[in-house]
Each structure stands twice: as C-alpha cells, then as structure tokens.
Amino acid sequence: MVNWIWLFFIVVSIAAAAFTGRMDQVTQAAFDGAKNGVTICFGLISILVFWMGLMRIAEDAGLLKRLAKLLSPLVRLLFPDVPSGHPALGYIMSNMSANILGLGNAATPMGIKAMQELQKLNPRPDTASPAMCTLLALNTSSITLVPTTLIAIRMNYGSANPAEIVGTTLAATAVATAAAIALDRWYRRKQPPAELMPPAYPHDNGLRSSGRSRSSGTAPPGAARPPA
Amino acid sequence: MLQMINILSAWMIPAIIAFIPLYGAYRKVPVYETFTEGAKEGFGTAIGIIPHLVGMLVAISMFRASGAMDVIVGFIQPLLGKAGIPGEVLPLAFLRPLTGAGSLAFTADLIQTYGPDSMIGRIASTIQGSTDTTLYVLTVYFGAVGIRKTRYALKVGLVSDLVGFLAAVFICLYIFN
C-alpha cells in the first residue's frame with residue numbers, strides 16, 4: 001500500500017502541476033523534500049545516540065524486564081504474541097509512557113528500540129509482524145495528556161483560556177486510539193500470521209534485515225551482561 | 001492540574017537521565033562503557049532511516065506544492081458546510097497524517113486568522129493535538145528495522161486519523177457551543 005500511495009503522490013503532483021502551471025514549484029519541492037529528509041535524520045542522530053546509550057544501561061541493569069513485568073497485564077492484552085518478560089515489552093512500555101507525557105524526543109528512540117526487539121521475534125524480517133502493526137497503531141494515534149506546543153501557540157495569539165483544548169484533545173485522542181486498537185484487532189484476526197504466509201523472497205534469509213551489531217559477539221569484555 | 005502536569009513534564013527527563021545510570025551502577029553495570037556501546041547503535045539507526053524519509057518527504061512535498069490538495073479540498077468543502085462543519089479546517093484532515101511541521105504551521109495560521117478562541121481555532125488546536133503524523137511514524141519506525149511489507153499498518157493509521165479528525169470536530173462543536 002505504501003508503494004501505491006507514494007506513486008499516487010508523485011503522479012498526481014505532476015498531473016496537477018501541469019494544470020495549475022506550478023511545475024517549477026513542484027520540481028523545487030522535490031529537492032526541498034529530499035533536503036528536509038536528510039536534515040530531520042541528522043537531527044535524529046543526536047537523540048538516538050543519546051537515548052539508545054542510556055537505554056542500553058537500563059536493559060543491562062534489568063530495568064526493562066522489571067518494567068515489562070510490572071505493567072504486563074495491559075501489554076499482554078495488546079501484544080499477546082510477545083513472550084512475557086521479553087525486553088521488547090519494556091521498550092513498548094517506555095515508548096507509551098513517553099508518548100502520554102508528551103516527551104516526543106524520548107518516545108521515538110524507545111519506539112525504534114521496541115521495533116528492533118520485535119524484529120528479533122519476527123519470522124519474516126521484510127514483513128511487519130502483528131505486534132509491530134499494533135505498536136505502530138498506538139504511535140500514530142498517540143495519546144498525549146498535554147499538547148504543550150499548541151497551548152504555547154494559543155497563548156502567543158492571546159487566547160483567554162489557552163488550556164481549554166486539553167479536555168477536547170484528550171477526548172479526541174482517546175477516540176482515535178480506540179479506533180486504531182479496534183481496527184488493529186480486526187485485521188489481526190482477519191490476516192494470517194506472518195509465519196503462515198508463503199515466503200515472497202526465498203533467497204532472503206534475514207541477513208539483510210536490520211544490521212544490528214548486538215548479537216554478533218563483538219562486544220568488548222567490559223560489556224558482559226549481569227545474570228538475569 | 002495543568003501546572004502539575006507541566007512540572008512533571010519538566011522533571012521527567014532529568015529524573016530518567018539520573019535514575020537509569022544510578023540503578024545501573026547499583027546493579028554493577030559498567031555504566032559509561034555500556035552507554036557508549038548502546039549509543040553506537042543510534043548512529044547507524046538514524047542513517048538507515050535517511051532513504052526512507054527522503055523518499056517519503058519528496059512525494060509529500062511535491063504533492064503539497066502542486067496544488068492538488070486545494071482541488072480535492074475544493075470538492076469536499078461545500079459538503080462539510082451542510083453538515084455544520086467549518087470547511088476551513090478541512091485541509092488539516094489531509095495535512096495532519098502527512099506532515100507534522102506542515103499541519104502545525106497551518107494550525108498556527110488558522111489560529112492567527114480566526115483567533116484562538118474561535119470555533120475554528122479550537123477545532124484546529126484539537127485536531128493538531130489529537131493524533132500524530134502517521135506517514136512519518138510509519139516511515140521512521142519501519143525504516144529503522146528494514147520492514148518493506150507494511151501489511152495493514154498504514155490503513156489502520158489513516159482510518160484512525162480520520163476518526164480522530166471527525167471526533168475532534170464534533171467534540172468541539174458539542175463542548176464549545
């Protein structure tokens with residue numbers, strides 16, 4: 001579906017530009033978009049490097065396992081196919097808490113770490129597993145307690161009550177999240193699990209999946225993990 | 001209440017930054033070495049996302065510049081008026097899932113034009129705050145682990161965005177009238 005959406009955007013843009021005479025702007029926009037993508041990723045480098053370093057300490061200290069166990073009833077319900085006590089659950093919990101508290105720049109690294117952990121459980125590394133789809137659904141509709149940026153903008157334009165949208169936002173985000181979870185459940189039941197689907201690329205044995213260095217046995221002696 | 005949450009948000013990150021290494025040291029983890037070991041991964045992950053994000057942002061940015069969205073909005077806007085929904089917020093329904101910065105700019109513009117305490121300003125604020133940028137989240141999260149077949153994830157994200165948009169509009173019309 002992503003392939004079609006991508007193609008749709010490009011073809012429709014060129015066609016619309018032919019009618020509206022904005023061809024120059026569209027060409028410019030293409031290169032601006034590319035530049036923007038690189039700029040965003042460069043901004044992500046510092047955030048990811050920092051949080052992933054910190055979270056490795058949390059993981060090695062067993063903190064993520066404890067977090068996963070503590071809140072397991074809720075996560076169990078949403079992610080029935082992740083074994084209990086798996087570090088993925090700890091990262092999922094951290095990701096959800098960061099989203100709820102509106103800590104955007106912590107939420108993304110936790111979510112990516114959760115994805116990487118879920119990828120280890122994924123039998124088909126090029127295809128999203130049901131657990132990954134659920135994590136994505138939770139993140140695209142992300143529940144946020146306080147939309148701080150918007151309150152600041154409203155304050156800036158002289159609102160009499162800048163925070164009056166907190167309640168409506170919370171209600172709307174709850175509805176959107178409920179819809180996302182319900183739809184995700186429905187598709188989970190409808191679609192066969194990844195391991196039952198015929199392999200699309202028989203030559204792909206997972207070597208090109210994520211390129212993680214963790215399990216390759218190159219860790220220095222100082223990084224030995226404590227007994228669980 | 002709001003102030004408490006603001007204080008909590010301000011203290012949350014420093015508390016986490018202090019707590020994790022402290023707990024690590026307590027559990028006899030070599031904290032600095034472990035930090036650098038984990039941090040190494042962050043670089044590769046961020047670089048790995050570049051092709052995905054460049055591809056997606058090129059398409060989205062072309063789409064916005066071409067004026068195609070205005071045509072689509074022009075078709076749907078009159079229908080919304082009949083349902084009592086202010087048509088001015090309609091572009092947000094398309095912008096919100098595509099671009100976080102773009103929809104925030106559009107929201108700020110609506111707030112500036114119509115006032116933060118107008119119905120349009122309130123609805124726009126609620127829409128902007130109630131969901132995240134679906135295409136960005138999908139690109140970054142799946143790009144980071146090399147997922148190419150996204151199955152139903154995009155559909156779920158986009159439908160829940162639509163539900164969130166409608167919920168935001170009707171909740172605001174109900175609460176602020």
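Both backbone and side-chain heavy atoms feed into the values below; hydrogens, waters and symmetry mates do not. Proteins come first, then strands; the chains are lettered A, B, ... in the order of their sequence lines, and each starts at number 1.
Using a 4.5 Å heavy-atom cut-off against chain A, the contacting residues of residues 163-177 of chain B are Val163(B), Gly164(B), Ala167(B), Ala168(B), Ile171(B), Cys172(B), Ile175(B), Phe176(B). Contacts of residues 68-99 of chain B with chain A at a heavy-atom distance below 4.5 Å involve Ala68(B), Asp70(B), Leu98(B), listed in sequence order. Interface with chain A: from residues 110-130 of chain B, residues Ile111(B), Gln112(B), Pro116(B), Asp117(B), Gly121(B), Arg122(B), Ser125(B), Thr126(B), Gln128(B), Gly129(B), Ser130(B) qualify, criterion being any non-hydrogen pair under 4.5 Å.
Contacts between Asn161(A) and chain B at a heavy-atom distance below 4.5 Å involve the backbone alone (N, CA, C, O). Both the backbone and the side chain of Thr134(B) come within contact range of chain A, with heavy atoms under 4.5 Å apart. When heavy atoms are compared at a cutoff of 4.5 Å, Met23(A) does not approach chain B at all. Heavy atoms of Leu150(A) lying under 4.5 Å from chain B belong exclusively to its side chain. Only the side chain of Phe142(B) comes within less than 4.5 Å of a heavy atom of chain A; its backbone N, CA, C and O stay farther away. No part of Ile181(A) comes within reach of chain B, as not one of its non-hydrogen atoms sits under 4.5 angstrom from that chain. Contacts of Thr168(A) with chain B are made by both backbone and side-chain atoms, with heavy-atom separations under 4.5 Å. Looking at Phe19(A), there are no atoms closer than 4.5 Å to chain B (heavy atoms on both sides), in backbone or side chain.
Here the closest non-hydrogen pair linking Leu63(A) and Ile20(B) is CD2-CG1, 4.1 Å. Pairing each heavy atom of Gly24(B) with each of Ala61(A), the nearest pair is CA-CB, 3.7 Å. Counting all heavy atoms, side chain and backbone alike, Thr131(B) lies closest to Ala176(A) at CG2-CB, 4.1 Å. Contact record, Ile45(A) with Ile47(B): CD1-CD1, 3.9 Å, taken as the closest heavy-atom pair. Residues Val156(B) and Leu183(A) come closest through the heavy atom pair CA-CD2, 3.7 Å.
Thr45(B) is listed as a side-chain neighbour of Gln116(A), based on a closest heavy-atom distance under 4.5 Å. Side chains of Glu41(B) and Leu48(A) form no contact here, defined as non-hydrogen atoms less than 4.5 Å apart. Contact of the Phe42(A) side chain with the Ile50(B) side chain is registered, since non-hydrogen atoms from C-beta on lie closer than 4.5 Å. When side chains are defined from C-beta on, Leu57(B) does not count as touching Lys35(A), because their heavy atoms never get closer than 4.5 Å. For the pair Ile147(B)/Asn122(A), a side-chain contact is recorded, criterion being any heavy-atom separation below 4.5 Å from C-beta on. Leu136(A) is not listed as a side-chain neighbour of Thr150(B), based on a closest heavy-atom distance of 4.5 Å or more. Under the 4.5 Å side-chain criterion, counting only non-hydrogen atoms from C-beta, Met56(B) is in contact with Trp6(A). By the 4.5 Å heavy-atom criterion applied to side chains, Tyr187(A) and Arg151(B) are not counted as neighbours.
The number of heavy-atom neighbours closer than 6.0 Å to CZ of Phe43(B), taken from other residues, nucleotides and ligands shown, is 12 or below.
Most heavy-atom pairs under 4.5 Å with chain B, from the set Phe31(A), Trp51(A), Trp186(A): that is Trp51(A). Of all the listed residues (Ala178(A), Ala174(A), Ala137(A), Ala180(A)), the one sharing the greatest number of non-hydrogen pairs under 4.5 Å with chain B is Ala180(A). For the set Met55(A), Met115(A), Gln25(A), Arg154(A), the entry with the most heavy-atom pairs within less than 4.5 Å of chain B is Arg154(A).
Every residue meeting the side chain to side chain contact (heavy atoms under 4.5 Å, CB included) condition with Ile5(A), not counting sequence neighbours, appears here in chain and number order: Met1(A), Phe9(A), Leu154(B), Leu158(B).
Rounded to the nearest 0.5 angstrom, Arg148(B) CZ and Arg124(A) CZ are separated by 10.0 Å.
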